[in-house]
Amino acid sequence: MQTEITKILGIEIPIFAFSHCRDVVAAVTKAGGMGSLGAAWMTPEELEMSIEWIEQRVDGRPFSVDLVFPGTGGEDVEKTPAEYRKMIPQSHLDFVKHMLDDAGIADLSEKDRDEYLAESAQKMSMTNKKSREQLEVVLSKKSVNLVVGALGVTPDWVVKEAHSKGLKVGALVGSGRHAAKQREAGVDVLVAQGTEAGGSVGNIASMVLWPQVVEAAAGTPVLAAGGISRGSQILAALALGCQGVWLGSLWLGTAESDLSIEMRERLFAAASEDARIAKVMTGKQGRMLYTKYIENWQKPDAPQPLQWPMQSILNGYPYKRAERGRNLDYWTYAVGQVVGDMHEHTTVKGEIERMLNEYVEALEKLQGVTAY
């Protein structure tokens with residue numbers, strides 16, 4: 001399964017794994033693929049510790065880091081985490097408070113609530129200053145050879161600094177138009193993410209999107225993302241011109257995942273239809289597990305979700321309440337439609353072996369119906 005991108009990045013199989021969990025990143029990397037550490041919310045210190053932890057476990061194999069680059073706006077117009085926190089209306093806090101009160105979930109003390117909101121503001125406020133500090137950490141590590149931007153057109157300074165250190169730059173895209181802009185920005189790898197994926201998504205389904213992005217990429221390698229959990233889907237992605245696959249949701253049910261057992265069980269019980277699009281988590285369109293928390297936000301009398309990053313900051317409060325009350329009806333998790341294929345606890349190695357075997361079976365079946 002060697003493709004151009006596996007040769008460029010020095011990996012054995014074209015399976016890329018996005019995860020916030022460093023154990024998953026290390027396990028996929030050791031299995032011959034490339035783990036990508038979702039690090040947007042990490043402090044530079046946390047990021048450095050996580051990279052060093054992974055380095056100690058992957059035997060010199062390369063891996064990647066996924067960050068959020070807010071854009072090229074001047075830092076003088078950016079707000080501090082405290083300023084973003086102050087932009088959250090009291091009415092939105094009251095809405096969430098009353099929702100969880102009505103559900104019988106114990107409230108936090110005012111002190112704890114304010115501390116969690118302040119902590120959430122520190123992590124969720126993506127500024128150019130923070131991005132530069134994170135990128136400096138990444139560029140100082142020889143084991144990382146790819147940095148991926150998860151939001152908007154990759155800024156020029158990111159591409160230049162990464163290339164100066166020999167790193168490739170990747171970017172997630174949701175349309176052919178986005179792909180063309182990223183290619184013009186100098187990005188080396190495009191991740192074409194269909195609307196079936198978890199987290200922030202666009203509106204175009206994978207089977208339509210992937211060939212459109214391949215066409216717009218004009219030779220830039222493309223990875224397929226969104227709705228992939230089977231070997232036959234990997235074969236389909238390669239047949240449509242992609243050079244690898246980018247998976248996120250599938251790893252949530254593995255032993256290496258840091259997701260709680262309770263939330264994993266929720267995912268195992270869910271159908272594909274239960275992974276729905278809403279703006280509740282971040283203020284941007286995303287796909288997540290449908291729960292009573294999402295349902296309440298979508299009622300006619302509910303307030304509109306705040307813009308990013310204020311909605312993400314706000315959610316630090318109900319998340320902690322639901323976590324303490326162990327009531328996952330009033331929380332959610334970003335997950336794609338492949339949740340309907342996730343039924344039991346697995347391992348990273350087991351999932352990769354299964355998909356590779358399914359790939360071979362699908363290829364043999366295809367060859368059996370191909371006329372020469």
Exercise for the section: Answer whether the closest heavy-atom distance between the side chains of Ile234 and Met1 falls below 4.5 Å. Expected result: yes
Exercise for the section: Say whether, by atom type as modelled, one donor and one acceptor occur between the side chain of Gln285 and the main chain of Gly202 under 3.5 angstrom. Expected result: yes
Fill in the blank from the handout: Exactly one of Thr220, Leu209, Val222 clears side chain to side chain contact (heavy atoms under 4.5 Å, CB included) with Val214, and that residue is Val222
Handout entry: Min side-chain heavy-atom separation Met355-Leu247 under 4.5 Å
Key = yes
Handout entry: Backbone N/O of Val348 and side chain of Thr254: donor-acceptor pair under 3.5 Å
Key = no
Handout entry: In one Ile/Leu/Val/Met/Phe/Trp/Tyr side-chain cluster, 4.5 Å: Ile51, Leu167
Key = yes
Handout entry: Co-membership, hydrophobic cluster, residues Leu223 and Leu190, 4.5 Å side-chain
Key = no
Practice task
Check for a donor-acceptor pair, side chain of Arg22 on one end and backbone N or O of Leu37 on the other, with a separation under 3.5 Å.
Solution key: no
Problem - Atom of Ala26, atom of Arg57 and distance for their closest heavy-atom approach - result: CB-CB, 4.4 Å
Problem - Joint hydrophobic cluster, Met288 plus Trp41, side-chain heavy atoms closer than 4.5 Å - result: yes
Exercise for the section: Mind listing the closest non-hydrogen atom pair of Gly198 and Gln193 along with its distance? Expected result: O-OE1, 4.4 Å
Handout entry: Identified ring pair (Phe, Tyr, Trp, His ring centres under 6.0 Å) counterpart of Tyr293 within the set Tyr319, Tyr330, Trp331
Key = Trp331
Problem - Gap between atom CD1 of Ile8 and atom CD1 of Ile5 - 0.5 Å precision - result: 4.5 Å
Practice task
For residues Leu9 and Pro62, determine if any side-chain heavy atom of one lies less than 4.5 Å from a side-chain heavy atom of the other.
Solution key: no
Problem - Closest non-hydrogen atom pair between Ile277 and Gln298, with its separation - result: O-NE2, 3.8 Å
Handout entry: Shortest non-hydrogen separation from Ala185 to Val159 and the atoms involved
Key = O-CG2, 3.4 Å
Handout entry: Any donor-acceptor pair under 3.5 Å from Ser229 side chain to Leu250 backbone
Key = no
Practice task
Could you tell me whether Met207 atom CE has more than 12 heavy atoms of other residues or ligands within 6.0 Å of it?
Solution key: no
Problem - Expected output: side-chain Gln311 to main-chain Pro305 donor-acceptor under 3.5 Å - result: no
Fill in the blank from the handout: In this structure, CE of Met310 is separated from OG of Ser125 (nearest 0.5 Å) by 9.5 Å
Exercise for the section: Check the side chains of His92 and Gln304 for a donor-acceptor pair under 3.5 angstrom, ignoring hydrogens and angles. Expected result: no
Handout entry: Beyond-backbone contact of Pro14 with Gln243, side-chain heavy atoms, under 4.5 angstrom
Key = no
Problem - Lys/Arg N to Asp/Glu carboxylate O, Glu295 vs Lys299, below 4.0 Å - result: no
Problem - Distance in Å, Leu267 CG paired with Leu259 CG, rounded so as to fall on 0.5 Å steps - result: 6.0 Å
Problem - Pairwise distance OG(Ser64) to CE(Met34) - rounded to 0.5 angstrom - result: 5.0 Å
Problem - Heavy atoms from other residues, nucleotides or ligands near CD of Glu323 exceed 12 (cutoff 6.0 Å) - result: yes
Exercise for the section: For the pair His345 and Glu265, evaluate side-chain contact (heavy atoms from CB on, under 4.5 Å) and give the outcome as yes or no after the intermediate values. Expected result: CA-CA 9 Å; His345 298 277; Glu265 294 294 341; 3.0 Å; yes
Exercise for the section: Answer yes or no: is there a side-chain heavy-atom contact under 4.5 Å between Val65 and Val137? Expected result: no
Exercise for the section: Quick one: closest heavy-atom pair of Ala237 and Ala224, and the distance? Expected result: CB-CB, 3.6 Å
Exercise for the section: Determine whether the side chains of Gln182 and Thr154 contain a donor N or O and an acceptor N or O closer than 3.5 Å. Expected result: yes
Exercise for the section: Could you give me the CA-CA distance, side-chain angles and deciding distance for Val245 and Gln233, then say whether side-chain contact (heavy atoms from CB on, under 4.5 Å) is met? Expected result: CA-CA 9 Å; Val245 292; Gln233 292 162 335; over 6 Å; no
Problem - Any donor-acceptor N/O pair, Gln134 side chain to Ala39 backbone, under 3.5 Å - result: yes
Practice task
Identify whether the distance between the nearest side-chain nitrogen and carboxylate oxygen of Glu161 and Lys165 falls below 4.0 Å.
Solution key: no
Practice task
Check whether any side-chain heavy atom of Val58 lies under 4.5 Å from a side-chain heavy atom of Val25, and answer yes or no.
Solution key: no
Handout entry: Hydrophobic cluster membership, Val148 vs Phe69, 4.5 Å side-chain cutoff
Key = no
Handout entry: Validation row: Leu139, Val147 side chains within 4.5 angstrom (heavy atoms)
Key = no
Handout entry: side-chain contact (heavy atoms from CB on, under 4.5 Å) between Phe63 and Glu55, worked out
Key = CA-CA 9 Å; Phe63 57 95; Glu55 285 178 328; 4.0 Å; yes
Problem - Stepwise salt bridge (charged side-chain N to carboxylate O under 4.0 Å, His left out) test for Glu184 and Lys181 - result: CA-CA 5 Å; Glu184 291 170 5; Lys181 289 183 177 180; over 6 Å; no
Fill in the blank from the handout: In terms of heavy-atom contacts, Ala216 and Ala179 come closest through CB-CB, 4.0 Å
Problem - salt bridge (charged side-chain N to carboxylate O under 4.0 Å, His left out) between Glu12 and Arg61, intermediate numbers included - result: CA-CA 10 Å; Glu12 297 169 17; Arg61 295 174 182 269; 2.9 Å; yes
Practice task
Kindly say whether the aromatic ring centers of Trp251 and Phe18 come within a distance under 6.0 Å.
Solution key: no
Handout entry: Arg321/Asp112 ion pair, N-O < 4.0 Å
Key = no
Completion exercise
dist Arg276:CZ -> Arg287:CZ (nearest 0.5 Å) comes out at 10.5 Å
Problem - Pairwise side-chain contact, Ile352 with Lys349, heavy-atom cut-off 4.5 Å (strictly under) - result: no
Practice task
Before accepting this row, confirm whether a basic side-chain N of the pair Glu83/Lys86 lies closer than 4.0 Å to the acidic partner's carboxylate O.
Solution key: no
Exercise for the section: Ignoring hydrogens and angles, tell me if any N or O in the side chain of Ser131 forms a donor-acceptor pair with the backbone of Val68 under 3.5 Å. Expected result: yes
Practice task
Quick one: do Leu100 and Asp107 satisfy side-chain contact (heavy atoms from CB on, under 4.5 Å)? Show the steps, please.
Solution key: CA-CA 8 Å; Leu100 273 66; Asp107 202 352; over 6 Å; no
Problem - Identified side chain to side chain donor-acceptor pair (under 3.5 Å) partner of Arg266 from the options Thr291, Thr332, Asp329, Asp274 - result: Asp329
Problem - Gap separating the CG atom of Leu108 from the OH atom of Tyr116, nearest 0.5 angstrom - result: 6.5 Å
Problem - Side-chain donor or acceptor of Glu4 paired with backbone N/O of Pro221 under 3.5 Å - result: no
Exercise for the section: Using a strict 4.0 Å threshold on nitrogen-to-oxygen distance, state whether Lys320 and Glu119 make a salt bridge. Expected result: no
Practice task
Kindly work out whether a path of hydrophobic side-chain contacts (I/L/V/M/F/W/Y, heavy atoms less than 4.5 Å apart) joins Ile11 to Val169.
Solution key: no
Problem - Ser257 side chain vs Gly253 backbone, donor-acceptor pair below 3.5 Å - result: no
Exercise for the section: Answer yes when Lys141 and Glu48 have at least one side-chain N-carboxylate O distance shorter than 4.0 Å, and no when they do not. Expected result: yes
Handout entry: Heavy-atom neighbours of Glu110 CD exceed 12 at 6.0 Å
Key = no
Exercise for the section: Taking Asn315 for its side chain and Val280 for its backbone only, find out whether a donor-acceptor pair lies under 3.5 Å. Expected result: yes
